Every structure is written in C-alpha cells, then in structure tokens.
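Please read the structure below before turning to the comments.
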Protein chains: 2
Amino acid sequence: MAVTKVRRGKPRQSEERGLSLETVVTAALAAIDRVGLDAFSVRSLAQMLQVYPTAIYWYVPNRNALLAHVVKLALREVMPETDPRDWEAFLTELFRRYRAAVKRHPNIAPLIGAQLVSNAGVDFTLVDRIIEALEHAGFAGDKLLAAFDVVIAAKVGFVTVEFANLPAEDALRWAETMRETVDALDRERYPHLHRHKVRLKNRHFILRWENGVTVPLDKSFEAYVYATIQGLRQLLVR
Amino acid sequence: MAVTKVRRGKPRQSEERGLSLETVVTAALAAIDRVGLDAFSVRSLAQMLQVYPTAIYWYVPNRNALLAHVVKLALREVMPETDPRDWEAFLTELFRRYRAAVKRHPNIAPLIGAQLVSNAGVDFTLVDRIIEALEHAGFAGDKLLAAFDVVIAAKVGFVTVEFANLPAEDALRWAETMRETVDALDRERYPHLHRHKVRLKNRHFILRWENGVTVPLDKSFEAYVYATIQGLRQLLVR
DNA sequence: ACCTGAACACCGTTCAAGT
DNA sequence: ACCTGAACACCGTTCAAGT
C-alpha cells in the first residue's frame, strides 16, 4: 500500500465523487461488456460517469489509449501458477487462462488479437516466464525466437476467432441469412462438407452465426492446445 | 456470361459513369488499403466516387455489409492448386496463400479474424476441399470436427496477429513509447527475456511497434505452419 | 489539479424528392 | 432504377475558461 498524506477537513473531490484513471477504465470495461465495442463511445462513458466527455481526457490522451488500459485490466489474471520449468503444463495453463479471461470479456477480443495497441498493456513478467519455459523445453537461438512467436500466435489466434464479434446492428437479420446459407449447401456441389453439415452447423468455425459466448468450442480448443504443444515438440527435434 | 438486352441510343447511366456494386467494393478496398480501416468512411468513399454518401446505400444496406464484400474481394485467391488428397501439402499451401492475400491488403486483417461478418463472404468450395483433405488424412467423426476448427484457427490466427493494425492517429508517439519500454526492460526483473531482447526487439510478437507490413515474420510463420501440420498428425494418432 | 462548457469537423443512416 | 439533397442523431477531440 502506498503512503497516504494525512488529510484534514473535507476530502478532496477526486476521492469523494470525482474520477480517477481506475474508475474510468473500470467503467469503460463494464460498458464494453454490456453494449459492445461498436456502441461504446467516450461520450456515453462520460454520461455514465455523470461528467462532461472532455473530463475523460484528463486521465487518458485518446480513445485508443483508454482501450489499451481496458485490455490490460481484462487480462490481469492470465499468469499461470505452474512452474515454467514444466513447460508443457505451463503453456497449457497459459492458453486456458487466456481463453477464460477473454470469455469473461468477449467484446474486447478484437482489440487484443487484431490491434497492436494491446502490446502496450502486456505483462512482461509473463513474457519472461514464457521464454523461461521455452528455454527449459530446449529451445535456443533462432529456434527459440520462432517458438516464441508460435506460442503467442497460438495463445491469441484461436480465441480471437472463437470470440469474433457479431455484426452490431442487424444481428438478427444477418444470423437468419447465415443459417439459410448453411441450410442451402447441397450435396452435389459440396459433397464432403455436406456429409458433416448437420454437425458443423453453428457448432464450428465459419458455418456459424453465433460466437464463443453462446457456442463455446471447448473440445476444439483442447485439440488445438494439444496440437500446438505437440507441434512445438516436433519443432524441437526437427 | 449473363444475357444482355439489346440496347439502342445512349448507354444507361450505370454503365457509362454510374456506380455498380463492383465499382463501390473495389473502390472501398482501394481506399482501405490506402488510408486504413479507421480513417475509411462511407462518406469519404462517396467523395472518391463523386457521388452523395447516400448513393452507396443503393448497393449496400450498411457499412458492415460493405466491409463483408471487401473481405470477400480481398480473399479471392486463396484456393490451393494442390490436390486435397495430399493433405499436408494442401494445408501448407492454404496457409501460405491466405497469408499472401492478407499481406496484399493488411488493413483488413482485423475484419477477417475478429469479426463474424467475414463468414458471410466465405468460399464454401474451399471449405469443402479442406474437409476432403482432412478425410484423406484419416480424420473422422468428432475428431474431424475438431481438426477442422484447428485448421481454421491456424489459418486465421497467426496472420491476424502478424498484421494487427497500428494505432491510427498517434502512431509515431506510440511507437516511440513502445521502443522505450522495450529498451528499459532490465536484466534483474526479466532475466530470460533480457537474454534475447536485442533479437526479439521489433522483430517478434509483443515487443514490436511495427506489424507484418514492414516487419514480416516469415521464419516464424513457416515454423507455425510446420508445427500445425505436425500437431494435426499427432491429433490423428492420439 | 480537475472539471465545465462551447465549438469543430466529422460520422452512419433515414427519408423524401428528383429524373 | 438510381441518384440528389436535406436532415437527424450521433461521434472524437481541441481549446478556453472556471474553481
């Protein structure tokens, strides 16, 4: 806990009913969780907090910087408890914890995977541990650098796609169109696809109109984690 | 070719100087390539085409639908030439072609990976071939469904992260901050990370301030493709 | 230090009207 | 059928002013 100055008289506005970076970012994450990324605006956030839109700009230089803070807040708890020296267990836990964090705040998925801003909020201690794990796995030199990218891409990739955001406005109409498109896929033109259609339909990538929030891809994710770990093993012995 | 009515007199406006869905979508992709996704607007597109903003809405119901068309246009040529029965070569070519397509239009990367709208523009013949490849690999039943998701996630995942968009406005200031952050990483706190810092710096995920456009991750991508194929092999024999 | 208040230059989208 | 033209309800951000 930081040392606090002794206060006398009435408390300063910023503690009683005023803002702080923390309250702004927390409120922003809550708003995004509720209304989605498209509908979220600095102005609506200001209204929630009962201040002028410009008050936000005291704590944050612009919208992007605010979103970077939001991402950081949402990804607080991805650090695995496993010892990095047990690299397979460590990475498996990392992948699962990351997915769990995004699942709690699915609307920010596009921000993390697809925007470089998110790098600003990265926990470098976590990065350090990942490299420690890869070193213990036996990676070194150029191979280690490549393995690092493989791990990061694997960590972010599946989950970003699983929780890809739905179209904001015309979600219902869009879902109906998608459903009809899938239903219309016929055996003559798509023989292999058609064979698995009923099982793929809205239950797996591409042929779906809902995302991981309502239709989680648990089994596929576990297969992906397994495949990634095994792939890294093979990379090691290549 | 569709049958065309016999025309007499001067040509209809839509052929001479008017719009069409094709010209609108082509112009939109060109605009996004040039100015980026954030700066792109329906209004600026209209200005480019020398029409009122509302003219666009004759061809497209809304901005999202326009973007879905743009994605479809950009991903025209990802179908591999390899026979799907040679599943490893087929998937490898798929991953490479997909990456090459995104590399040509990096600004749309966030749209494909992180927005479900992109599913609307998917080539189902390609999906059919992917399943054919997986069947020939020996996948069946639930395993095939999981393998399918693994392939899609792998295809989209790495590339989405590699071409993650930079912050629009304050790109220079942001890059400088990021560079300083990386430089400041010290040996005491991040011993493993520090050991590889100079090689990781702006050359690999997370510790970078440029994306795949200026700093392509070719070697890491090839490692990722290899790891994914090997991972699928292991999935098969599990 | 922290917020109000007005203003600027934009958005996406709707609706009615023209040709 | 295809586009103009005006209008609506928003944006993010800047800047000066208040306390």
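All values reported here derive from a predicted model rather than from experimental measurement. When reading the values below, keep in mind they use all heavy atoms of this one structure, side chains included, and skip hydrogens, waters and symmetry mates.
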If you only use heavy atoms from C-beta on, which nucleotide in dC3(C), dG12(D), dT4(D) is closest to the side chain of Arg63(A)? dG12(D)

Quick one: Asp38(A) CG to dA9(D) P, roughly how many Å, whole number? 21 Å

Donor-acceptor pair between Thr26(A) and Thr23(A) side chains, under 3.5 angstrom: no

Please report the distance, rounded to the nearest Å, between CG in Leu21(B) and P in dC2(D). 11 Å

Run the salt-bridge test on Asp149(A) and Lys219(B) with the 4.0 Å N-O cut-off and return the result as yes or no. no

Below 4.0 angstrom from OP1 or OP2 of dT13(D), is there any side-chain N or O of Tyr57(A)? yes

Per atom distances to the Tyr59(A) side chain, the nearest of dT13(C), dC3(D), dC2(C) is dC2(C)

Between dC3(D), dG12(D), dT4(C), spot the one nearest the side chain of Ala55(A), thanks. dT4(C)

In whole Å, I'd like the distance from the CZ atom of Arg43(A) to the C1' atom of dA6(C). 11 Å

Indicate yes or no: does Asp218(A) engage Arg99(A) in a salt bridge with an N to O separation below 4.0 Å. yes

4.5 Å side-chain heavy-atom contact, Phe124(B) and Leu185(A): yes

All N/O donor-acceptor pairs, side-chain side in residues 66-76 of chain B, below 3.5 Å, sequence neighbours left out:
from: His69(B); atom 1: ND1; to: Ala65(B); atom 2: O; distance (Å): 3.2
from: Arg76(B); atom 1: NE; to: Leu73(B); atom 2: O; distance (Å): 2.8

Please give the distance between the C1' atoms of dA1(C) and dA17(D) as a whole number of Å. 15 Å

Can you tell me which nucleotide in dC2(C), dT14(C), dT13(D) comes closest to the side chain of Pro53(A)? dT13(D)

Considering only dT13(C), dC3(D), dT13(D), which nucleotide approaches the side chain of Thr54(B) most closely? dT13(C)

So if I take every side-chain heavy atom of Ser41(B) and compare against dC3(C), dC11(C), dG12(D), which nucleotide ends up nearest? dC11(C)

How long is the line joining CZ of Phe40(B) and C1' of dG12(C), in whole Å? 12 Å

Run the salt-bridge test on Arg96(A) and Glu93(A) with the 4.0 Å N-O cut-off and return the result as yes or no. no

What is the distance from CD of Gln50(A) to C1' of dT4(C), rounded to the nearest Å? 15 Å

Asn202(B) side chain to Glu210(B) side chain, donor-acceptor N/O pair below 3.5 angstrom: yes

Give me the stems containing DNA chain D, sorted by first residue, counting only three or more consecutive Watson-Crick or G-U pairs with both distances under 3.5 Å; say none if there aren't any. C:4-8 with D:12-16, C:12-16 with D:4-8

Nearest whole angstrom, please: distance from the C1' of dG5(D) to the CD1 of Ile56(B). 15 Å

Expressed in angstrom and rounded to an integer, what is the separation of Leu45(B) atom CG from dC11(C) atom C1'? 14 Å

Distance test, side-chain N/O of Trp58(B) to OP1/OP2 of dC2(D), below 4.0 Å: yes

Between P of dT4(D) and CD of Gln47(B), the distance in whole Å: 13 Å

Ignoring backbone atoms, test whether Tyr52(A) places a side-chain nitrogen or oxygen under 4.0 Å from the OP1 or OP2 oxygen of dC2(C). no

Specify the closest pair of heavy atoms between Glu77(B) and Arg104(B), including all atoms of both residues, with the distance to one decimal. OE1-NH1, 3.7 Å

